[in-house]
Amino acid sequence: MKIFLAGGAGYIGCHTALQLLNNGYEVVIADNFSNSCPEAVKRVEALTGKKIALYEIDVQDGAKVKEVFAQEQPDAVIHFAGLKAVGESVQQPIRYYRNNINTTLSLLEAMEATGVKKIIFSSSATVYGEENPSPYKENMPKGSCTNPYGWTKSMMEQIFQDVALTDPELSIVILRYFNPIGAHESGEIGEDPKGIPNNLMPYITQTAVGIREKLTVFGDDYDTPDGTCQRDYIHVMDLADGHVKAVEYLNREQGIDIINLGTGTPYSVLELVNAFQKVNDMKVNYVIGTRRAGDLPVCYADASKAARVLGWKAKRGLEDMCRDSWNWQRKNPQGYRK
Ligand code: NAD
Ligand code: UDP
């Protein structure tokens with residue numbers, strides 16, 4: 001079975017490509033490298049000893065996507081291709097709406113034109129919004145997002161819901177990711193953010209390696225046990241395995257389904273920093289700062305549906321996540337740009 005990964009050179013995409021190849025699937029990647037580079041794909045090929053058909057295209061370009069579909073004839077699509085920086089989306093909402101919605105429409109049009117019926121979509125816990133209490137369950141109504149990035153995910157979910165009604169043969173899985181961190185245990189692939197990281201773990205690892213002077217913990221006056229925000233951190237290799245299970249599910253079921261990919265266990269910012277220091281036997285320079293606008297105090301999954309319908313459960317713990325994130329950063333201090 002051949003899987004087309006839109007945005008497959010990125011952080012989650014390349015780990016998923018690796019696990020798909022390891023499970024006997026063929027992989028085609030289309031990426032414009034706006035937030036990634038071909039080196040990640042080369043490393044996945046080296047780790048697996050398998051070839052990936054790689055196309056440098058903008059997935060917004062429907063004609064190009066259709067050409068690749070005609071040539072490669074994929075059986076299913078995984079749609080990772082999106083812009084994801086929350087703060088940047090507030091500064092550049094038009095760019096975010098254009099890129100994220102257009103990539104979705106162009107993939108759906110190419111599927112319709114070529115008879116591809118199966119797609120997995122990378123959504124986010126952010127769609128639960130401010131109204132819902134954690135643990136988040138898939139049957140909760142979506143809430144209000146605090147930024148344009150979140151709204152693009154919410155709107156794209158709606159697009160998939162509407163399209164699902166038009167063709168009973170379609171099989172669509174919306175995966176709502178929680179907070180992916182970690183890297184493949186080899187340290188050959190990992191998260192390689194451009195510029196100053198927005199997310200916690202790459203900020204920690206870049207501080208640990210000396211690229212950043214200190215981490216700022218955004219607020220310690222939340223209504224949580226230690227006052228810092230709690231999140232559901234999930235190892236990116238567990239997330240990748242979740243996609244392999246979701247591909248199996250696409251082959252079994254038709255219609256549309258929404259599934260959380262999280263561990264169900266929240267950890268605070270300070271718990272993560274302390275676990276990182278302990279596992280890697282090092283100090284991370286940090287200060288307590290003010291709250292970051294838009295941050296929710298607590299966000300974690302009810303992970304029971306993924307266990308029930310996919311037969312998937314996260315296997316790796318916080319220590320694995322901290323060790324593997326550091327192993328990647330340590331071996332690649334400048335990311336893929338050595
Ligand atoms: P990433 O930026 O590493 O990967 C996205 C990839 O898509 C990049 O390789 C980028 O170059 C590519 N891309 C973007 N626009 C494109 C376009 N128009 N044409 C072709 N390629 C394009 O991000 P990631 O962390 O791997 O996330 C993958 C998906 O999962 C994204 O849709 C993201 O919004 C979603 N998601 C990520 C997180 C997270 O914390 N990492 C959480 C929830 C959801
Ligand atoms: N965070 C922090 N300092 C940073 C980056 C993040 O204290 O430099 C906190 C942030 O306030 C949140 C948690 O770490 O509570 C996870 O943030 P991230 O941006 O990684 O993910 P989010 O859950 O916001 O999507």
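In each ligand, atom 1 is the first atom listed, and ligand 1 is the first ligand listed.
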Trainee: Of the non-hydrogen atoms in L54 and P38, which two are nearest, and what is the gap between them?
Mentor: CD2-CB, 4.4 Å
Trainee: Backbone, side chain, both or neither: what part of L215 comes under 4.0 angstrom of ligand 2, heavy atoms only?
Mentor: side chain
Trainee: Examine the proximity of ligand 1 to S123 and report which part, side chain or backbone, both or neither, has a heavy atom under 4.0 Å away.
Mentor: backbone
Trainee: Quick one: does D31 get an N or O within less than 3.5 Å of an N or O on ligand 1?
Mentor: yes
Trainee: Angle between ring planes, Y336 versus W328, binned at 30° and 60°: parallel, tilted or perpendicular?
Mentor: tilted
Trainee: Heavy-atom contacts under 4.0 Å between N199 and ligand 2: side chain, backbone, both, or neither?
Mentor: both
Trainee: Identify whether the distance between the nearest side-chain nitrogen and carboxylate oxygen of E138 and R308 falls below 4.0 Å.
Mentor: no
Trainee: Locate the shortest heavy-atom distance separating V163 from L170; write the atom from each residue and the value.
Mentor: O-CD1, 3.6 Å
Trainee: Regarding N327 and E185, is there a side-chain donor-to-acceptor distance under 3.5 Å anywhere?
Mentor: no
Trainee: Aromatic ring centroids of H243 and Y177 under 6.0 Å?
Mentor: yes
Trainee: Which residue owns the protein heavy atom closest to atom 24 (P) of ligand 1, what's the atom, and how far is it?
Mentor: K84 NZ, 3.8 Å
Trainee: With a 4.0 Å cut-off on heavy atoms, is G8 touching ligand 1?
Mentor: no
Trainee: When the ring planes of F4 and F69 are compared, do they come out parallel, tilted or perpendicular, using 30° and 60° as the limits?
Mentor: perpendicular
Trainee: Measure from atom 5 (C) of ligand 2 to every heavy atom in F218, Y233, Y177, F178 and give the option owning the shortest one.
Mentor: F218
Trainee: Using a strict 4.0 Å cut-off to heavy atoms of N198, name the atoms of ligand 2 that fall inside it.
Mentor: 5 (C), 19 (O)
Trainee: Just heavy atoms, cut-off under 4.0 Å: does I12 contact ligand 1 by side chain, backbone, both, or neither?
Mentor: both
Trainee: Checking side chain to side chain contact (heavy atoms under 4.5 Å, CB included) against L18, which of V27, V44, N23 comes through?
Mentor: V44
Trainee: My understanding is that only one of K305, R252, R176 makes a salt bridge (charged side-chain N to carboxylate O under 4.0 Å, His left out) with D257; could you say which?
Mentor: K305
Trainee: Within less than 4.0 angstrom of ligand 1, does N179 place any heavy atom?
Mentor: no
Trainee: Just let me know how Y149 lines up against ligand 1, side chain, backbone, both or neither, with a heavy-atom cut-off below 4.0 Å.
Mentor: side chain
Trainee: Quick check on R330: does its CZ atom have over 12 non-hydrogen neighbours (other residues, nucleotides or ligands) under 6.0 Å away?
Mentor: yes
Trainee: Does any N or O of ligand 1 fall below 3.5 Å from an N or O anywhere on F80, backbone included?
Mentor: yes
Trainee: For G10, is at least one N or O under 3.5 Å away from an N or O on ligand 1?
Mentor: yes
Trainee: Please classify the L200 to ligand 2 contact at 4.0 Å (heavy-atom distances, strictly less than): side chain, backbone, both or neither.
Mentor: both
Trainee: Any idea which protein heavy atom is nearest atom 24 (O) of ligand 2, and the distance to it?
Mentor: R292 NH2, 2.9 Å
Trainee: If you measure every N or O of A30 against every N or O of ligand 1, does any of those distances drop under 3.5 Å?
Mentor: no
Trainee: Nearest to atom 18 (N) of ligand 1 by heavy atom, N99, I181, L200, L175: which?
Mentor: N99
Trainee: Is there a side-chain contact between I78 and V247 (heavy atoms, below 4.5 Å)?
Mentor: yes
Trainee: So, R43 and E39, do they make that salt bridge, N to O below 4.0 Å?
Mentor: yes
Trainee: Looking only at heavy atoms of H79, does any of them come nearer than 4.0 Å to an atom of ligand 1?
Mentor: no
Trainee: Side chains of Y149 and E88: do they bring a donor and an acceptor to under 3.5 Å?
Mentor: no
Trainee: Which is it for N179 and ligand 2 at heavy atoms under 4.0 Å: side chain, backbone, both or neither?
Mentor: side chain
Trainee: Would S123 and E157 count as having a side-chain donor-acceptor pair, cut-off 3.5 Å?
Mentor: yes
Trainee: Any idea which atoms of ligand 1 are less than 4.0 Å away from a heavy-atom of D58?
Mentor: 17 (C), 18 (N), 19 (N)
Trainee: Is there any N or O on S124 that sits under 3.5 Å from an N or O of ligand 1?
Mentor: no
Trainee: Among all protein heavy atoms, pick the one closest to atom 32 (O) of ligand 1 and tell me residue, atom and distance.
Mentor: K153 NZ, 2.9 Å
Trainee: For ligand 2, which atoms have a heavy atom of V217 less than 4.0 angstrom away?
Mentor: 7 (O)
Trainee: Looking at ligand 2, does any of its N/O atoms fall within less than 3.5 Å of an N/O of D295?
Mentor: yes
Trainee: If you measure from each heavy atom of I57 to ligand 1, is any distance below 4.0 Å?
Mentor: yes
